[in-house]
Amino acid sequence: MATNSTLKNQIANKKQGNNQVQNGQGTTMKGLLASPAVMKRFEEVLGKRATQFTASILSLYNSEKMLQKSEPMSVISSAMIAATLDLPIDKNLGYAWIVPYGGKAQFQLGYKGYIQLALRTGQYRNINVIEVYEGELKSWNRLTEEIEIDFEGKSSDKVIGYTGYFELLNGFRKTVYWSREEVEKHKKKFSKSDFGWKNDWDAMAKKTVIRNMLNKWGILSVEMQTAVSKDDQDPIEQTADFDEEDIIDAEYTEYQDNKEQPKQEEIDFGGDK
């Protein structure tokens, strides 16, 4: 039978384990991803690709100092959303991003992710979004949405706007155009974090345009609706189905072994470089 002293020690150790979970260090992230509860969830979603995907989480986490300031479980939950949508989180690919926001990580869908999910519906013949450079735009009718672009007329590398286009298999077509000023105005009004915009302004602008276009006129599958919903959520609402008690116990057991923790530079995070 447990004594009061034993119970107090268990509670103290549990709190200490919980503090480790909240810690943003790479060793903790590596331990969290190795915990049975987390690995089981990723394996359920990704199968044999789970190990490779979790390695990419570690690689991303280790390369982003701002992300290391976010709660580790929020990073994993955000990554799980990307895994559920079968989208890579490599920031260089532009399909999905995990960005820091108010001490938590947040899932964000990239413009390439929107295109990928649209193509999966099997309803789109063509879909794209591009920059429009100074000298290329000849005319744009906001009412009829007819646009004339002369790609040979480019006079500089200055981007003046962005245009999106899609055509469905049934023949329906839609073209939209946003000036750079319109994108900036939308960013100031709706953007929760500046992280993505600072890293790749053009990619975020193209995402804004294609997302608005698809939301208004596109065919949205259940998968796309889920992606848009997650892209809209605050970080605190982006939760994954993990058994937190199992995760904490895994960290606690490792802590009780009194193993010497490796130094930051000695940790092998794995994943693509």
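Keep in mind the model is a prediction, meaning the values are calculated, not measured. Numbers here are sequence positions counted from 1.
- Contact annotation: the side chain of Trp140 never approaches that of Glu148 to less than 4.5 Å [non-hydrogen atoms, C-beta and beyond].
- In summary, the side chains of Glu134 and Ser156 do present a donor paired with an acceptor at a separation below 3.5 Å, with no hydrogens or angles considered.
- Under the 4.5 Å side-chain contact rule for hydrophobic residues, Ile127 and Leu93 share a cluster.
- Nearest heavy-atom pair, Ser78 versus Ala105, reported as atom, atom and distance to 0.1 Å: OG-O, 3.3 Å.
- Screening residues 53-67 for salt bridge (charged side-chain N to carboxylate O under 4.0 Å, His left out), with sequence neighbours left out, gives Glu64-Lys91.
- The heavy-atom pair separating Leu67 from Val99 by the smallest distance is CD1-C, 4.2 Å.
- The side chain to side chain contact (heavy atoms under 4.5 Å, CB included) test applied to Gln116 returns Leu87, Tyr95, Arg120, not counting sequence neighbours.
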Applying side chain to side chain contact (heavy atoms under 4.5 Å, CB included), run through Tyr61 and Ile98 and close with a yes or a no. CA-CA 9 Å; Tyr61 186 78; Ile98 299 177; over 6 Å; no
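- Counting only heavy atoms from C-beta outward, the side chains of Leu32 and Met39 never approach each other to under 4.5 Å.
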Under 3.5 Å donor-acceptor pairs involving side-chain atoms of residues 183-190, not counting sequence neighbours:
unit_1 : atom_1 : unit_2 : atom_2 : d
Lys187 : NZ     : Asp194 : OD1    : 3.2

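- Of the possible donor and acceptor atoms, none in the side chain of Ser59 sits under 3.5 Å from a partner among the backbone N and O of Ala55.
- For Glu136 (side chain) and Tyr133 (main-chain N/O), a donor-acceptor pair under 3.5 Å exists by modelled atom type.
- For the salt bridge (Lys or Arg N to Asp or Glu O under 4.0 Å) test with Glu145, the passing option among Arg173, Lys216, Lys174 is Lys174; the others fail.
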Result block: side-chain N/O donor-acceptor pairs under 3.5 angstrom for residues 201-209, not counting sequence neighbours:
unit_1 : atom_1 : unit_2 : atom_2 : d
Asp202 : OD1    : Tyr162 : OH     : 2.5
Lys206 : NZ     : Tyr111 : OH     : 3.3
Lys206 : NZ     : Glu131 : OE2    : 3.2
Lys207 : NZ     : Leu109 : O      : 3.1
Lys207 : NZ     : Asp231 : OD1    : 3.2
Lys207 : NZ     : Asp231 : OD2    : 3.0
Thr208 : OG1    : Met204 : O      : 3.0

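- Side-chain contact between Thr175 and Phe166 is absent, with no heavy-atom pair separated by less than 4.5 Å.
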Residue pair Leu117, Gln225: steps toward the side chain to side chain contact (heavy atoms under 4.5 Å, CB included) verdict: CA-CA 10 Å; Leu117 294 179; Gln225 292 176 37; over 6 Å; no
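- Side-chain N or O atoms of Thr163 include one that pairs as donor or acceptor with a backbone N or O of Val176 at under 3.5 Å.
- Heavy atoms only, all atoms of each residue included: Ala50 and Leu46 are closest at N-CB, 3.9 Å.
- Residues passing the side chain to side chain contact (heavy atoms under 4.5 Å, CB included) test with Asn126, sequence neighbours excluded: Tyr165, Glu167.
- Closest of all the heavy-atom pairs between Val159 and Arg180 is O-CD, 3.5 Å.
- Nearest heavy atom pair, residue Val75 against residue Ser70, reads CG2-CB, 4.3 Å.
- With a 4.5 Å cut-off on side-chain heavy atoms, Phe42 and Thr51 do not count as touching.
- Closest heavy-atom contact between Tyr177 and Gly161: OH-CA, 3.6 Å.
- Residues satisfying the salt bridge (charged side-chain N to carboxylate O under 4.0 Å, His left out) criterion with Lys40, sequence neighbours excluded, are absent altogether.
- Ser77 contributes no side-chain N or O that, together with a main-chain N or O of Ser74, makes up a donor-acceptor pair within less than 3.5 Å.
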